[in-house]
Structure formats: C-alpha cells, structure tokens
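Step one of this worksheet: look at the structure below.
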Amino acid sequence: MKIKDLLYSGEKTFSFEFFPPKNYSSILELGINIGQLMKLSPSFISVTYGAGGSTQDASFNLLDYINNKIGLVTMAHYTCVNATKEKVAQDMDYFKSIHIENLILLRGDRPQDDAGQNPGESDFNFASDLISFVAAQDRFCIAAAGYPEAHPESSSLETDIAHMKRKVESGADFVVTQLFFDNSYYFDFVERARKAGIDVPIVPGIMPITNFKQIKKFTQMCGAKIPANLVDTLDPYQDDLNKTYDIGVDFAIGQCRELLDNGAPGLHFYTLNKSRATVDIFSSIR
Ligand code: FAD
C-alpha cells in the first residue's frame, strides 16, 4: 500500500520509526517492542538508514522482515550522501524486489574529515536531486524531510522552505517533520509552506521525552528547542527516570492532541526502538 493513498483520502496516519539494532540484546528488545506496537495497528512503520550506507544491510533486513514477515506497511529511509546513480538504481531495484512501496528520501549528514570537509564523491548534492532521480521511475510513494525550526545548515526558515518546495516539485508526495516540542513552530511552518505553494500533507514528528539528558543531546544535534517551562519542569528530575517519564508522556499527550485537533494529517513517532511511551500516548489519544 502506498502511504499517500491513506493521507490523500484524509485518513490520519499513525506511524512508528525504528532504527536497525546493533547487537543481540537490542535485536531482542526491538522484537519485543515491535510486538507491543503492532497491537496499535499502525498505519506504517519506518526504518532508518545510516548516512553513507553505514547500516545498509541491517536496515534492509529489518525492512524485509517487517514488510514481508510481519506484513505491516513499511517506509524505507534512504540517504544519498556519497552515493552514485548506479548504486541508487541498484538499491531501488532491491526495494522493488522486496515489495517496498514507500521511501523517505534524504540527503543525510555529510561526513567530514579533520578539516571539516566532506571528502566523498556523490552524484547527488541535495535530497531534491535524489527525489527527482527516483521519482522518474514512477514506482514509489516518496516522502521528504521538513524542519519546522529550519534545518541547522539553513540561513533562514524561508530559504529552507524554498528548498523543501523543490523536493515536492521533484516528486515528494508528503513531508515528515523533524521532531519539535513547541507546536507553534509546526503550525507556523505549515502556514508558510502553504503560502509558498506546498500543498502536500506535512506529518509532524513526535519524540516523547523519557530521558532528559538524552533528549538534550538530540535537540542540540538537530536544533529543536525545548520550551523553557518544560525545561524548568524536567530539570529537577534529571536523574529520576520515572518522574521524567510521567512528565514527558503527559506533555506528549497534550502536544499530540493539539496537533490532531488543529489539522495535522497524522503523527510520526520517533520511538528510539522503545514502545512503552508510544503505547501510553497512543492509548490516550486514539
Ligand atoms: P536536503 O533537503 O538536501 O537539505 C539539506 C540542507 O541543504 C538544508 O539546509 C537545505 O535548506 C539545503 N538545501 C537543499 N537544497 C538546496 C539547494 N538546491 N541549494 C542550496 N541548499 C540547499 N538521516 C539519516 O542519515 N538517516 C535517516 O534515516 C534519516 N531519517 C530522517 C527522517 C526525518 C523525518 C528527518 C526530518 C531527518 C532524517 N535524517 C536522517 C536526517 C537528515 O539526513 C539530515 O537532517 C540531513 O542533514 C538533511 O537531509 P535532507 O534530506 O533534509 O536534506
């Protein structure tokens, strides 16, 4: 099934993102958590891909398993940093051979050498180059990434939205956003995107806070801001994971409700391969 068919019919999508596990215990943990999340009948599952293909085998194996053994609708993440056209064409054939119909096509983060330069060669400079290459085959439903607080390399949100428009014009059927905690960034982003002529669904990305120290690292990397009042509430409980969990899940429930009540076309959960928080949030909002 193509995810755009769900989104374009007006059905709200609920989706979960996983990354390929790195060792035996994380394989076991992922299996248990996918089992829990399956009970929620998600619209689709997505599987991340290490930039430069660093997790390729593990990502492809997990996709094949979820799509063909479990039978859930699956979306493959795929990045083009340092990729050649031959390599991408080969990988697209592979996706087709394992019946993957949905892709989120990304540039990926450029690896840097000691001088801060990207030493690799690539036939694709930006995600829009990859999207137009893959869309020309007309075989997949394609998603692209969006950044309500602007991509960290962008000079402004306006420029970033212009680049996002290029991704849509190149063939992206919908957008999934970077995680954010302040819904006003998402609502403003959608309004600006519509004014810029981007009319595809923009699905918000949600990351429940269950570990404050870990989330601070993530947000530093991706540029998402945690609202000051939430920081103040969480700060005294940095080492109390139970209390952090309760605060984080309560916050996410309110955030998700507000998004859905105000027209978000669905919710995409960054699960970090865990299920408890997503199950708790989901049970309260669906
Ligand atoms: P692009 O859209 O190419 O944008 C990158 C930067 O270049 C932006 O600043 C943009 O404004 C600018 N730009 C775009 N086009 C042009 C142009 N023509 N001229 C000048 N500047 C331009 N990373 C992974 O490695 N694996 C994953 O599985 C993964 N999944 C993700 C899923 C989601 C939903 C999101 C939001 C991000 C994900 N990422 C993943 C991270 C992503 O790879 C990085 O954020 C990366 O730095 C940018 O990727 P992009 O596809 O947004 O790039």
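Indexing begins at 1, ligand by ligand and atom by atom, following the structure's order. When reading the values below, keep in mind they use all heavy atoms of this one structure, side chains included, and skip hydrogens, waters and symmetry mates.
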Next item on the list: Could you tell me whether Y78 approaches ligand 1 through its side chain, its backbone, both or neither, with non-hydrogen atoms closer than 4.0 Å?
Entry: neither
Check: Between R139 and F133, is NZ or CZ placed under 6.0 angstrom from the six-membered ring centre and within 45° of the ring axis?
Finding: no
Note to self: Among all the protein's non-hydrogen atoms, which is closest to atom 21 (N) of ligand 1, and how far away is it?
What the structure shows: H163 CE1, 3.2 Å
Margin query: What I want to know is whether Y270 and ligand 1 share at least one N or O pair that is separated by under 3.5 angstrom.
Written below: no
Note to self: Just to be sure I'm reading this right: ignoring hydrogens, which of T79, L105, D109 gets closest to atom 46 (C) of ligand 1? Compare them by their nearest heavy atoms.
What the structure shows: D109
Check: Think K96 forms a cation-pi with F140, using NZ or CZ under 6.0 Å from the six-ring centre and within 45 degrees of its axis?
Finding: yes
Item checked: Element-labelled atoms of ligand 1 that are located less than 4.0 Å from some non-hydrogen atom of A145 -> 35 (C), 36 (C), 52 (O)
Next item on the list: Quick one: which residue pairs count as a salt bridge (charged side-chain N to carboxylate O under 4.0 Å, His left out) with a foot in residues 226-255, not counting sequence neighbours?
Entry: K213-D239
Check: Relative to atom 42 (C) of ligand 1, which among Y49, F126, Y147, F124 owns the nearest non-hydrogen atom?
Finding: Y147
Notebook entry, point to check: Do Y186 and F180 have ring centroids that are under 6.0 Å from one another?
Noted result: yes
Margin query: Heavy atoms only, cut-off 4.0 Å: how does H151 contact ligand 1, side chain, backbone, both, or neither?
Written below: side chain
Next item on the list: Tell me, please, whether F212 has K216 positioned over its six-membered ring: NZ or CZ under 6.0 Å from the ring centre and within 45 degrees of its axis?
Entry: yes
Notebook entry, point to check: Taking both backbone and side-chain atoms of K167, is any N or O found less than 3.5 Å from an N or O belonging to ligand 1?
Noted result: yes
Next item on the list: Compute both the distance and the angle, then confirm whether R276 meets the cation-pi test with Y245: under 6.0 Å from the six-membered ring centre, within 45 degrees of the axis.
Entry: yes
Margin query: Under a 3.5 Å cutoff, is there a donor and acceptor pairing between the side chains of S128 and H163?
Written below: no
Checklist line | Close-contact set for ligand 1 against R166 heavy atoms, below 4.0 Å | finding: 18 (N)
Check: What residue and atom, counting heavy atoms only, is the protein's closest point to atom 5 (C) of ligand 1, and at what distance?
Finding: R107 NH1, 3.5 Å
Check: Cut-off 3.5 Å, side chains only: do S15 and H268 have a donor facing an acceptor?
Finding: yes
Next item on the list: May I ask you to list the atoms of ligand 1 that are less than 4.0 angstrom from any heavy atom of D160?
Entry: 8 (C), 9 (O), 10 (C), 11 (O)
Next item on the list: Would you please determine whether G108 falls within less than 4.0 Å of ligand 1 on a heavy-atom basis?
Entry: yes
Notebook entry, point to check: Which heavy atom of the protein is the closest neighbour of atom 38 (C) of ligand 1, given with residue, atom name and distance?
Noted result: L106 CD2, 3.6 Å
Checklist line | Distance from atom 30 (N) of ligand 1 to nearest protein heavy atom, with residue and atom | finding: H77 ND1, 2.9 Å
Check: With atoms numbered from 1 as shown, which atoms in ligand 1 lie under 4.0 angstrom from a non-hydrogen atom of A127?
Finding: 1 (P), 2 (O), 3 (O), 51 (O), 53 (O)
Checklist line | Within the 6.0 Å centroid threshold, strictly below: F95 and F60 | finding: yes
Checklist line | Contact atoms of ligand 1, heavy-atom distance to T48 under 4.0 Å | finding: 28 (O)
Next item on the list: Return the orientation label for the F282 and F14 ring planes: parallel under 30°, perpendicular over 60°, tilted otherwise.
Entry: perpendicular
